[in-house]
Amino acid sequence: MLVDLIVPCYNESAVLNMFYDEAARVVGSIDGYDFNFIFVNDGSADNTLDIMKELAQKDNRVKYISFSRNFGKESAMYAGLKNSTGDYAVILDADLQHPPALIPQMLEAMEEGYDCCATNRATRDGDPFLRTFLTRRFYGFINKISEVNMPDGAGDFRMMSRKMVEAVIALSEVQRFSKGIFSWVGFNTKWISFNDVERAAGETKWNFWGLLKYAVAGITAFSTFPLKVAIYLGSLISASSFVYLMYIIIKTLVHGRDFPGYASMITILLFLGGCIMLCCGIMGEYIAKIYIEVKNRPVYIIADTNVDKPQNDYGR
Ligand code: UDP
Ligand code: MG
C-alpha cells in the first residue's frame, strides 16, 4: 500500500524542514505502508523550492512539483491529487498545523473500510477571535443555503482512498472550493478531531479580504440561493407597496389630497435603487464565474518537477 502526503507550500522555507522531519519521523514508525511526499511549490518567492530539491536529493520518496507562479492553495491541492498515484492520499499544510501524528489514526479508519478520514478542529485557539466568529457565521450560512454540508472547523486535512481522489479530480472546475467538493463527492467519511495549534513558523497567507473572497467563492460555488434573492425581495416589496397603495387610496378618499411627501419619496427611491443594484451585483458575481469557467484555463502550470510522469492540466 502506497500513501501520498500532499503538501501545498507557498513561502514555507521557515518550516519546510521542520515539517519534513516530523512527517518522516511519524511515517518511519508505521509498518506495512510505503509513503511518498508530494510537495507542491505554489510559486514561492523564497527558497522553498531549493529546500524541496535538497530533500529530494537525500530522500527519494520526496517528489516536488513547482508551479510557474502562485496559483493558490486550491490549485496546489488539485495538482497534488492529480499527480498522486498512491492507494491513499493525505493533504496536509506545511506549517505543522495539521499534525502528521494523526496519520496512523487515519490509516486505521481506512482499514476499517472508510473511503475518507477527515479532520475537524476541536478548537480555534490558533486563530484570532474575529476570524473565528466570522468563520462560524459563514458555515452556519453556507450550510443553510447550499446543497452540501460543510461542518464548521472542517479543514482540507484528510486522507482519501484512490476512488475518492479520482472523484475529486473529476470535478475539474477552475474555481475550486475543496471543502464543498469533498462533501459533494460523498463517500463514507470518518471524522476525527484534533486540537488546533499555531503555525510552527512563518506567516499565514490569509488576510481579511482573502477570507471574504473565499467565503463568497464558497457560497457561489455550491449554492444558487443568492440568485433567488431578487425573487423574494421583489415579492416582498411588491406586496408591501400594494398594501401601502390601498392605504393611500382610502386615506385620500377620506381626508382628501395632501401634498408633502418628499422625504418618503426619496427614501423609497433610494431603497429600491439599492435593492436593484444588489440583485444586479449578485447576478454579476455568477456571470463572472461562468465567464472564468468557460475560458477553461488550466488550474495550474508546472515549471519544474521530479515526478516521473507529471500530470499537467492542459487537456482539461
Ligand atoms: N498555501 C499555498 N498557496 C497559497 C497560500 C497558502 O499553497 O497561495 C499553503 C501554505 O503554504 C500552507 C497552507 O496552504 O501549507 C495553508 O496556508 P496558511 O497556513 O497560510 O493558512 P492558514 O493555516 O492560516 O489557514
Ligand atoms: Mg496555517
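Counting convention: from 1, in listed order, for ligands and their atoms alike. Every value quoted in this text rests on a predicted model; they were computed, and no experiment measured them. Numbers here are sequence positions counted from 1.
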Partner of Val185 under side chain to side chain contact (heavy atoms under 4.5 Å, CB included), chosen from Leu171, Asp115, Val165, Val148: Leu171

Which ligand 1 atoms does Gln97 reach within 4.0 Å, using its non-hydrogen atoms? 19 (O), 22 (P), 23 (O)

Check whether the ring centres of Tyr300 and Phe67 lie less than 6.0 Å apart, and answer yes or no. yes

Out of all atoms in ligand 1, which are within 4.0 Å of some heavy atom of Ala94? Include the element for each. 15 (O)

Protein residue, atom and distance nearest to atom 14 (O) of ligand 1, heavy-atom basis: Lys73 CD, 3.2 Å

Step by step, would you call Phe187 with Phe182 a ring-ring contact (aromatic ring centres under 6.0 Å, His included)? CA-CA 9 Å; Phe187 291 104; Phe182 293 142; over 10 Å; no

In terms of its nearest heavy atom to atom 16 (C) of ligand 1, the top option of Val15, Val7, Asp93, Leu16 is Asp93

Asp42 heavy atoms, cut-off 4.0 Å: which ligand 1 atoms fall inside? 2 (C), 3 (N), 4 (C), 7 (O), 8 (O)

What protein heavy atom is closest to atom 10 (C) of ligand 1, reported as residue, atom name and distance in Å? Glu12 OE2, 3.1 Å

Protein heavy atom at shortest distance from atom 9 (C) of ligand 1: Pro8 O, 3.6 Å

The Mg ion (ligand 2) to nearest N/O/S of Asp93 below 2.8 Å: no

Using salt bridge (Lys or Arg N to Asp or Glu O under 4.0 Å), reason through Glu166 and Arg162 one step at a time and then give a plain yes or no. CA-CA 6 Å; Glu166 297 293 334; Arg162 179 104 302 261; 2.5 Å; yes

Nearest non-hydrogen protein atom, atom 17 (O) of ligand 1: Arg199 NH2, 4.1 Å

Salt-bridge criterion met for Asp42 and Arg69 (N-O under 4.0 Å): no

Short N-O contact, Lys179 and Asp156, less than 4.0 angstrom: no

Looking at atom 1 (N) of ligand 1, what's its closest protein heavy atom, distance included? Tyr10 CB, 3.8 Å

Salt-bridged, Glu173 to Arg176, with N to O below 4.0 Å? no

N-O pairing of Asp93 and Lys73 below 4.0 Å: yes

Shortest-distance N, O or S atom of Asp95 relative to the Mg ion (ligand 2): OD2

Would Ala76 count as being in polar contact with ligand 1, using the rule that some N or O on each side must be under 3.5 angstrom apart? no

With heavy atoms of Cys9 as the reference, note each atom of ligand 1 found under 4.0 Å away. 7 (O), 11 (O)

Among Ile219, Val216, Thr220, the one residue meeting side chain to side chain contact (heavy atoms under 4.5 Å, CB included) with Pro226: Ile219

Please report which non-hydrogen protein atom sits nearest to atom 6 (C) of ligand 1, along with the residue it belongs to and the distance in Å to one decimal place. Lys205 CG, 3.6 Å

Give the atoms of ligand 1, by number and element, whose distance to some non-hydrogen atom of Asp95 is under 4.0 Å. 19 (O), 23 (O)

Check this for me: does any side-chain nitrogen of one of Asp308 and Lys63 sit under 4.0 Å from a carboxylate oxygen of the other? no

Given the side-chain rings of Tyr214 and Phe177, with only the six-membered ring counted for Trp, is the space between their centroids under 6.0 Å? yes

Atom 24 (O) of ligand 1 - nearest protein heavy atom and its distance: Thr204 OG1, 2.6 Å

Atom 22 (P) of ligand 1 has as its nearest protein heavy atom Trp206 CD1, 3.6 Å

